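The structure under discussion appears below in the form of structure tokens.
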Amino acid sequence: MEKALKEVTPKSEDFSKWYTDVVRKADLMDYAPVKGFIVIRPYAYRIWEFIQSDLDARFRATGHQNAYFPLLIPQSLLTREAEHVQGFSPEVAWVTRGGGEELAEPLAVRPTSETIVGEMYARWIQSYRDLPVLINQWSNVVRWEKATRPFLRTTEFLWQEGHTVHRTEAEARAETEQQLEAYRGLLEETLAIPVVAGVKSAGERFAGAVETYTLEAMMGDGRALQTATSHFLGQNFSRAFNIQFLDEDGELKYGWTTSWGASTRLLGGLIMVHGDDRGLRLPPRVAPIQVVVVPIAKGSDREAVLAYCRALQLRLGAHVRVHLDERDEFTPGYKFNDWEMRGVPLRLEVGPRDIARGQVVFARRDNGEKTPVIADDLPEAVDATLNEIQKALYAQAQARMQALSFAIQDYHEAVARDRRGFFWGNWCGRQACADRLQEETSMTIRCLPLLTEHDLQPQRSGNDCAVCHGPAEHRAVFARAY
RNA sequence: CGGGGCGUGGCGCAGCUUGGUAGCGCACUUGCUUUGGGAGCAAGGGGUCGGGGGUUCGAAUCCCUCCGCCCCGACCA
């Protein structure tokens, strides 16, 4: 552990510094020449690919298809939905020159694609028989942010954005909720990140949406991260873009639309939820390398140990993503630290003593435990251990969220706890109270939680607003957010 | 965009107060010896001192200006 301190600022000392140390030391990203932009390096991009394939499978299972819409959006299109423009205009990047000439109409680099998608959907939809339209796209978007942080908020980021049109309000609302559950599946099952699902308050809602659903996750320092959102757009966009269809009853009607997205911000969340002072800790399901084999091969034993390890690699390769570290220029100790920094869930140590005893040593990244395992039991033992690690990481994250979730009567109780955590309180529903909370504490209303039986439900008594103590309409989660 | 901090080989830093042409650790290259928690010895390579301008015989060092990164706030996935 002392050695790890050389490389990475301890989480407890300075969480932000720890985060930037880890993303750099684990070769996840590098800063690009233009402010606010980063390069996503291969190791991090691989994790993103696992997230993509997980979501893609979930989307396909519910009838969605992928497509691709253009990067540039004419100004006239972007400005068609009033609330939407207002919300996004401060952060839109514009292209004003092309082919060496000033353009007749400025083109926006998409900050999101509702407008251009809406324009196209209006052309494609004539009849109720054309509905629903269930399309997703994987793309990059640009939002000119004032303060950026690697993965969490960059000027350009990668994401998926789903855009659907439905015949009825009920169907569109169901779609919105269904997609939120798809994200919950990704977060909890695959990324091992527990979340609080909820509805955004009016002030935090997506520009142009009727209702925004969100999944809020708790980071290692108790702050919240919005990991995915799903929007019920009502008929706001269909009216603005004239998405109409002739219904069975012969009447021309506006469609009901939704949109939903998750971005490379998830990589930041993954790091901040699971990482520790030794570096990254990756859940096996998204680990580019699930098992690393480190040979301990000295002198005359070298070739024999390496041959044994290569056979081991072949044997395990059919089950898991395994890497054999054959580098001769580093000692085993160096390799241990190196792979721990990169978050590889399980390390197998193999030396002459192990071979003689017919065993290999398992070293788990989640808890640091080392255990000898009989070589004959290997593929099964590896599978079982990876499953345990996946569960253990979730359990640890959930335990922290539980430990840092508090029921409060008054928002000063959150201040007394240094605003660290999720504070469950009542809210009168007035924006004035949300504003006052933010001004005084920099906490925001993360969501109005939707509770299911397996969610956290900190108990509280009374039913007055935690800010003004007037009659409360909602239960809300207050927290500082990234 | 406001407040604060920092920019010196790839990384982390010293040198700046009191100007004299750049140094340390790690990393890198080569060789030999090594290898169960960041190996040792030896010989090497690598720097427009963030950019521009100014003061000066002379600037990493003093002055002006711009840029970038980090932190804390305001705005957002």
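Remember, it's a predicted structure, so these values are computed and weren't measured experimentally. In what follows, chains are A, B, ... by sequence order, proteins preceding strands, each numbered from 1.
The nearest whole Å value for the distance from the CD atom in Glu440(A) to the C1' atom in A74(B) is 15 Å. Across the protein-nucleic acid pair, Tyr31(A) atom OH and G10(B) atom P stand 18 Å apart, rounded to whole Å. In this structure, Asp21(A) atom CG and C6(B) atom C1' are separated by 14 Å, rounded to whole Å. Atom CG of Leu266(A) is separated from atom P of A77(B) by 14 Å (rounded to the nearest Å). Atom CD in Glu439(A) sits roughly 14 Å away from atom C1' in C75(B) (whole-Å rounding). As rounded to whole Å, 16 Å separates atom P of A77(B) from atom CE of Met219(A). Here the P atom of nucleotide A77(B) and the CG atom of Leu187(A) are 16 Å apart, to the nearest Å. For the pair His231(A) NE2 and A77(B) P, the computed distance is 7 Å after rounding to whole Å.
For the C1' atoms, the distance linking C26(B) with U65(B) amounts to 35 Å, nearest Å. Between the P atoms of C11(B) and C69(B), the separation comes to 15 Å (whole Å). Comparing G10(B) with G45(B), their C1' atoms sit 13 Å apart, to the nearest whole Å. Across C13(B) and A60(B), the matching C1' atoms stand 14 Å from one another, rounded to whole Å. Only the C1' atoms considered, C67(B) is 27 Å distant from G23(B), to the nearest whole Å. Between the P atoms of C71(B) and G15(B), the separation comes to 25 Å (whole Å). Spacing of C1' atoms, G5(B) relative to G50(B), comes out at 16 Å, to the nearest Å. Taking atom P in both U17(B) and C75(B), the straight-line distance is 43 Å, to the nearest Å.
Among residues two or more places apart in sequence or in another chain, the salt bridge (charged side-chain N to carboxylate O under 4.0 Å, His left out) test is passed with Arg41(A) by Asp27(A).
The distance between the ring centers of Trp159(A) and Phe157(A) falls below 6.0 angstrom. Here the two rings, on His84(A) and Phe206(A), have centers that are under 6.0 Å apart. Between Trp260(A) and His163(A), the gap from one ring centroid to the other reaches at least 6.0 Å.
Annotation: proximity of residues 152-162 of chain A to RNA chain B (heavy atom, distance under 4.0 Å) is found for Leu152(A), Arg153(A), Thr154(A), Phe157(A), numbered in ascending order.
Taking the side chain of Phe330(A) as heavy atoms from C-beta on, and the options C28(B), A74(B), G36(B), the nearest nucleotide is C28(B). Of the candidates C69(B), C72(B), G36(B), C72(B) carries the atom nearest the Arg223(A) side chain, counting heavy atoms from C-beta on. For Pro332(A), whose side chain is taken as the heavy atoms from C-beta onward, the closest listed nucleotide among C11(B), C69(B), G36(B) is G36(B). Proximity note for Lys25(A) (side chain, C-beta onward) versus C76(B), C72(B), C11(B): the nearest is C11(B). Checking G38(B), A77(B), G36(B) against every side-chain atom of Asn337(A), the shortest atom distance belongs to G38(B). Among the nucleotides G37(B), G73(B), G36(B), the one closest to any side-chain atom of Ala147(A) is G73(B). Which of A77(B), C70(B), C1(B) sits closest to the side chain of Thr20(A) comes down to C70(B). When each of C69(B), A74(B), A77(B) is scored by its nearest atom to the side-chain atoms of Lys35(A), the top-ranked nucleotide is C69(B).
Pro352(A) comes within 4.0 angstrom of a base, heavy atoms only. Nucleic acid contact for Arg357(A): none, since no nucleic acid atom lies under 4.0 Å from a heavy atom of the residue. Note on Glu145(A): a base of the nucleic acid sits closer than 4.0 angstrom, heavy atoms only. Arg149(A) comes within 4.0 angstrom of the backbone, heavy atoms only, and of no base. Contacts of Gly351(A) with the nucleic acid, taken as non-hydrogen atoms under 4.0 Å apart, include base atoms. Note on Pro150(A): only backbone sugar-phosphate atoms sit closer than 4.0 angstrom, heavy atoms only; bases stay farther off. Base contact: Ser263(A) has a heavy atom under 4.0 Å from a base atom. Using a 4.0 Å heavy-atom distance criterion, Val141(A) is classed as making no nucleic acid contact. Lys370(A) comes within 4.0 angstrom of a nucleotide base, judged by non-hydrogen atoms across all strands. Residue contacts shown for Ala228(A) are absent, as no nucleic acid heavy atom lies under 4.0 Å away. Residue Gly36(A) is classed as a sugar-phosphate contact, given heavy-atom separations below 4.0 Å to backbone atoms only. Using a 4.0 Å heavy-atom criterion, one finds that Asp328(A) contacts the bases of the nucleic acid, with or without backbone contacts as well.
For A39(B), the paired base is U33(B) (Watson-Crick or G-U wobble, both distances below 3.5 Å). In this structure, A22(B) forms no base pair with any nucleotide, since neither Watson-Crick nor G-U wobble geometry is met with both distances under 3.5 Å. Remark: G44(B) base-pairs with C28(B); criterion is Watson-Crick or G-U wobble with both hydrogen-bond distances under 3.5 Å. Pairing partner, U61(B): none, since no Watson-Crick or wobble contact has both distances short of 3.5 Å. For G68(B), the paired base is C6(B) (Watson-Crick or G-U wobble, both distances below 3.5 Å). When Watson-Crick and G-U wobble pairs are counted only if both distances are under 3.5 Å, C75(B) pairs with no nucleotide at all.
Side-chain atoms of Glu340(A) come within donor-acceptor range of the base of G37(B), with a qualifying N/O pair under 3.5 Å. Judged by atom type and distance alone, Arg347(A) reaches the base of G37(B) through a side-chain donor-acceptor pair under 3.5 Å. Within 3.5 Å, no donor on the side chain of Lys146(A) pairs with an acceptor on the base of G73(B), nor the reverse.
Taken from NE2 in His64(A) to CG in Leu134(A), the straight-line distance is 4.5 Å, to the nearest 0.5 Å. In this structure, Leu393(A) CG and Gln398(A) CD are separated by 12.5 Å, a value rounded to the nearest 0.5 Å.
Taking every heavy atom of both residues into account, Gly429(A) and His474(A) meet most closely at CA-CD2, 3.9 Å. Closest approach of Glu216(A) and Ala224(A) over heavy atoms only: OE1-CB, 3.9 Å. The nearest pair of heavy atoms linking Glu161(A) to Thr112(A) is OE1-OG1, 3.5 Å. Shortest non-hydrogen contact noted between Gly275(A) and Trp18(A) is C-CZ2, 3.4 Å.
Of the side-chain N and O atoms in Gln438(A), none sit less than 4.0 angstrom from OP1 or OP2 of G73(B). Dashed line: the shortest gap from a side-chain N or O of Thr331(A) to OP1 or OP2 of G37(B) is not under 4.0 Å. A close approach under 4.0 Å does not occur between any side-chain nitrogen or oxygen of Tyr482(A) and OP1 or OP2 of A77(B).
A salt bridge is defined here as a Lys NZ or Arg NE, NH1 or NH2 lying under 4.0 Å from an Asp or Glu carboxylate O, and Asp276(A) with Arg365(A) meets this definition. Ion pair Lys335(A)/Glu326(A) not flagged as a salt bridge, since none of the NZ, NE, NH1 or NH2 atoms sits closer than 4.0 Å to an Asp/Glu carboxylate oxygen.
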